[in-house]
Amino acid sequence: MDIFSLENVRVRIKDKMILDLKNRSIHISKGDVIGIIGENGAGKTTFIRVLLDLIKFEGKVERNISFQSIGVQMQKNGFSGLIKVYELISFICNSSIKDKQLTEKMRDFQIDHLLNKRVESLSGGELQRLTLFLVMYHDPDVLIFDEITTGLDYQTRKSVLNYLKKIINNKTVLMVTHYYEEIEKLANKLLILHQGRLLDYGFIDSLFEKYEIFSTFTLKKDDFSLLEETTDKGYAFEDKVVVINRSKKEEDKRLQIIQKSNCTYDYKKKDFYSLYKKIIEQKGVI
Ligand SMILES: Nc1ncnc2c1ncn2[C@@H]1O[C@H](COP(=O)(O)OP(=O)(O)OP(=O)(O)O)[C@@H](O)[C@H]1O
């Protein structure tokens with residue numbers, strides 16, 4: 001069953017088209033966990049705002065779910081920083097802060113010791129735990145996260161991700177992110193936007209197949225010459241080069257060369273950086 005379906009959606013602000021899904025239809029089904037990616041200004045937040053009816057758009061959006069069943073974390077949460085944590089919780093949860101069930105849940109999210117703090121004084125990790133608690137409190141069927149781990153340190157990000165992995169079971173999830181590891185860990189579908197246009201949308205495994213990425217080797221720039229005879233190109237990335245193997249046969253051939261030379265390399269079965277690069281390239285947007 002489709003939870004959301006979009007046809008021909010366009011968002012125009014003044015004369016600028018900031019989301020243009022003309023002639024495109026997008027179906028989001030129950031149980032999909034979708035990573036939404038694209039560079040800054042690609043239209044990711046606008047897409048989410050369309051789903052939630054928070055912005056004026058042309059085209060058609062069907063929602064087979066009530067807004068009460070959607071839990072949303074947005075980049076700008078709109079909480080006043082001056083409000084105390086316990087005030088915010090009792091307001092959003094519509095319950096006394098002393099309620100037994102509420103207290104247990106707060107303990108689960110490790111926010112029970114933050115109740116008397118002002119929201120503005122919370123650390124990034126504390127604020128994200130509080131946000132997740134508020135998003136999850138009514139146990140929504142659909143979860144929408146707009147950069148849930150941005151600004152968190154490595155350790156906190158890891159623990160938020162582990163937590164998300166546990167809670168998203170059987171839920172439909174849309175997550176805007178700039179971190180490929182989040183997609184790798186959680187998502188089964190990918191939606192790629194670029195300058196307001198949809199570049200592709202589909203199951204991650206199908207996209208890797210469609211764009212012929214079987215695996216990748218990442219080498220230091222100086223070592224790329226070793227593989228130059230086996231490929232016409234690599235994707236430069238910081239001081240490294242990524243080489244895409246289109247098949248197991250190509251992987252084996254290159255692995256032999258790499259191992260003979262003793263150079264250091266990284267191997268990835270699902271390299272989202274290469275997938276994104278290839279999609280951008282094939283759609284002619286660079
Ligand atoms: N209210 C607005 N008025 C004018 N332009 C807007 C408005 N909202 C968004 N835009 C523009 O629309 C484009 C898409 O914005 P959006 O926030 O959807 O991008 P994004 O992909 O979420 O970006 P980021 O990764 O930086 O959060 C941007 O160029 C942005 O400046």
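Counting begins at 1 with the first residue of the sequence. Quantities reported herein were computed from a predicted structural model and do not represent experimental measurements. Indexing begins at 1, ligand by ligand and atom by atom, following the structure's order. For the numbers below, each heavy atom of this structure counts, side chains included, while hydrogens, waters and symmetry mates do not.
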Non-neighbouring partners of Tyr273 that pass side chain to side chain donor-acceptor pair (under 3.5 Å), sequence neighbours left out: none

Go through the structure and list residues passing side-chain contact (heavy atoms from CB on, under 4.5 Å) with Glu58, not counting sequence neighbours. Arg10, Arg12

For the residue pair Asp146 / Thr45, report whether a side-chain donor-acceptor contact shorter than 3.5 Å exists. yes

On a heavy-atom basis, which atom in Gly196 and which in Leu21 lie closest, and how many Å separate them? O-CD2, 4.3 Å

Which parts of the protein, at residue level, reach under 4.0 Å of ligand 1 through a heavy atom? Ile13, Lys16, Ile18, Glu39, Asn40, Gly41, Ala42, Gly43, Lys44, Thr45, Thr46, Gln75, Glu147, His178

Only pairs at least two apart or in different chains count here, so list each ring-ring contact (aromatic ring centres under 6.0 Å, His included) that has a residue in residues 149-202. Phe109-Tyr163

Between the side chains of Lys30 and Asn64, is a donor N or O closer than 3.5 angstrom to an acceptor N or O? no

